[in-house]
Amino acid sequence: MKILRGIAVSSGIGIGKAFLFTSKPPELRRVRIPEKGIEGEKERLAAVISSTRKELVELQEKISASLGSEFADFLEVQIQILTDPALLSVCSRNIGEAQSAEYAFSKAVAEIARPLLDASGGLFKERLADIEDVTNRVLRNLLSMPSVSIIDVEKNSVVLAHNIPPSEIVLLDPRKVQGVATEIGGRTSHIAIIAKAFEIPAVLGVENLCDNLELLEDVVVDGQRGQVLLSPTKRRISTYKEELKELRAFRKSLYSKQPPRVVITLDERKIDVSANIELTSEIYALKRYGAHGVGLFRTEYIFLTKRRFPTEEEQYRIYSEAASELKPHPVIIRTLDIGGDKVLPGYEEANPFLGWRAVRFLFDHEEIFLEQLRAILRSSAHGNVKIMFPMISAISEIRFAKRLLESAKEQLKEAGQKFDPEMEVGIMVEIPSAALLADKFAKHVDFFSIGTNDLTQYTLAVDRGNEKISELFNHYHPAVLQLIRRVIGAGHKAHIWVGVCGEMAAEPLGIALLAGLGVDELSMTPCAVPVACRIIRNSRVDELRKIASKALEYSTPTEVIRYLRRQLSRTYPDLAKVFLARKSVCYL
């Protein structure tokens, strides 16, 4: 048995037979074309490019009809590549130099893509994946080679690959695929986005995954711990199967009846349980799990799927669809949070987590910001839309963002566009300066939403993506808890509501602790909603308040977690059996 580590991007456990997906480019030899055959070779390449483009458009339409336009957007870049005048011009020049169509096209793509090879940032790598994918498709068509597709995967399989191109990942069938693991990819890659939407356990960025896989059969993908087990022992498989059985049984008991969206404690305290989403296709899951609207709509994924800045109209269609589908429940749309582990073409930053990120980037690109603000405002005419600004560290930033919002409103008024003039405006509290000055910030907004992921990262000075110091990243550090309590208290004193949308809001321990601290709303991945509802509906806030107060007396996260485990084990024995007995704090 061999255990490899990677980035956990989609939770759950996948057990199955290995399916090794390879998409190696065809091997090419340089063949000199006689002068009389040059025009014919140009015509052959033009015909294949045209047919490949048609193939991609048909695939895009099929995906859009079955999964939604955001998934189909993954192929937009590839279609654009095949209509790029610069690429076609270089191809023609290469064939004119007596190169075969295959060799000319491959060489032209390499020349066009060369600048990206030297670029840093996750999205540049994703664009290279798009280029590699469409190149291989054209070359296979030129050489009349049979296509290798992930659609051929057998039932109960775990897909292992160096990388899965965009045109293939959208073909994953959740009924057949139990898990996915790749050497390439991160939290914002097309693989991560689609695996999460399909609820397929996935671990990406696994080094040396594809080495010596010829004789491999059984594989376990642990999407909670970020592990891939190659050829696990029978005992280990049995343990995982038992764990999976317990998890499925527990979930079935939770999901047997769709819970009403109103969640009230035994002592009649209402706490909204909302969902974090990235794509409108997740609305189905949100409804199925009974979430109270959207507590966090991460808009950067709209930008990431398109690999460019979407237009105001494109954004408006997406936001208004979510608003209409979920009316009268709220949809809180966060403005673009570029930076950190989410970057776009042209974005360069030495320290993307601490530098030119989120509103800081948008303030320097006012037209991009205004387009998004107008799109969000227009969508408010179709439902209960709220807007939220991320990465706020100073009151001056709130004032500037609100001034731009007022400018967007004036522009819409002049254009005769409808919107909700009273739309609520909130901020993400994810920087210690915002938490410490929450009483001052509360005077300028309608709500707070605490982002525990970044708040923990910045409070503890721990890069949450760095495996070397991952044990230091802990939401239950007393310093983080003190800041959360301070923000909730300041918000309530100013008569505004306070939510939490970080990962802590989806953890059983975190749910109980946050409810005891007085939070008004919790927002989480859709599949975590039933557990949160179960805990809240079977609790008394006065009891949770005592638990939270005691938890804040401890001086280490280990002591806090140990105490919370004991308390929840007594109150929810069935929950503890499935979730709290594991090494991880949360097991959803």
_Close side-chain approach of Thr452 to His475, heavy-atom, < 4.5 Å_ = yes

*Do Ile547 and Leu513 come close enough that some side-chain heavy atom pair is under 4.5 Å?*
no

_Side-chain heavy atoms of Val158 within contact of Leu160, under 4.5 Å_ = yes

*Which atom names give the shortest non-hydrogen contact between Val560 and Ala551, and what distance separates them?*
CG2-O, 3.5 Å

_Quick one, Leu296 and Met388 - any side-chain contact, counting heavy atoms below 4.5 Å?_
yes

_Taking Val228's backbone N and O only, do any of them form a donor-acceptor pair with Asp222's side chain (distance below 3.5 Å, no angle check)?_
no

*Basic-acidic side-chain contact under 4.0 Å: Asp337, Arg298*: no

*With side chains defined as the heavy atoms from C-beta onward, is the minimum distance between Phe198 and Arg175 less than 4.5 Å?*
no

*Rounded to the nearest 0.5 Å, what separation is found between the CZ atom of Arg236 and the CD1 atom of Ile15?*
11.5 Å

*asked:* What I want to find out is whether Lys54 reaches Glu61 closely enough, with some N-O distance under 4.0 Å, to be called a salt bridge.
replied: no

*Working to the nearest 0.5 Å, report the span between OG of Ser106 and CG of Leu139.*
5.5 Å

*asked:* Does either side chain, that of Tyr476 or that of Glu507, offer a donor lying less than 3.5 Å from an acceptor on the other one?
replied: yes

*Please round to the nearest 0.5 Å and tell me the distance separating atom CG of Leu229 and atom CD1 of Ile13.*
10.5 Å

_Return the NE2 to OG1 distance between His162 and Thr182, rounded to the nearest 0.5 Å._
8.5 Å

_Looking at Arg53, I'd like to know if its CZ atom is crowded, meaning that more than 12 non-hydrogen atoms belonging to other residues, nucleotides or ligands lie closer than 6.0 Å._
yes

_Ion pair Glu55/Arg137, N-O distance below 4.0 Å_ = yes

*For the pair Glu559 and Tyr563, evaluate side chain to side chain donor-acceptor pair (under 3.5 Å) and give the outcome as yes or no after the intermediate values.*
CA-CA 6 Å; Glu559 291 173 317; Tyr563 169 71; over 6 Å; no

_Inter-residue atom distance Leu326.CG - Glu321.CD, 0.5 Å rounding_ = 9.5 Å

*Of Leu209, Leu204, Leu4, Asn163, which meets side chain to side chain contact (heavy atoms under 4.5 Å, CB included) against Glu183?*
Leu209

*To the nearest 0.5 angstrom, please state how far the CZ atom of Arg140 sits from the OG1 atom of Thr135.*
10.5 Å

*asked:* Please give me the minimum heavy-atom distance between Asn474 and Leu460, naming the atom from each residue.
replied: O-CD1, 3.8 Å

*Can you check whether Arg537 reaches Val263 side chain to side chain, under 4.5 Å on heavy atoms?*
yes

*Do Glu300 and Arg334 meet the salt-bridge criterion of a basic N to acidic O distance under 4.0 Å?*
yes

_Side-chain touch Leu336/Phe309, heavy atoms, less than 4.5 angstrom_ = yes

*Can you check whether Leu481 reaches Met504 side chain to side chain, under 4.5 Å on heavy atoms?*
yes

*side chain to side chain contact (heavy atoms under 4.5 Å, CB included) between Lys287 and Glu325, worked out*: CA-CA 10 Å; Lys287 289 181 174 179; Glu325 282 285 328; 2.9 Å; yes

*Determine whether more than 12 heavy atoms belonging to other residues, nucleotides or ligands lie under 6.0 Å from atom CZ of Arg562.*
no

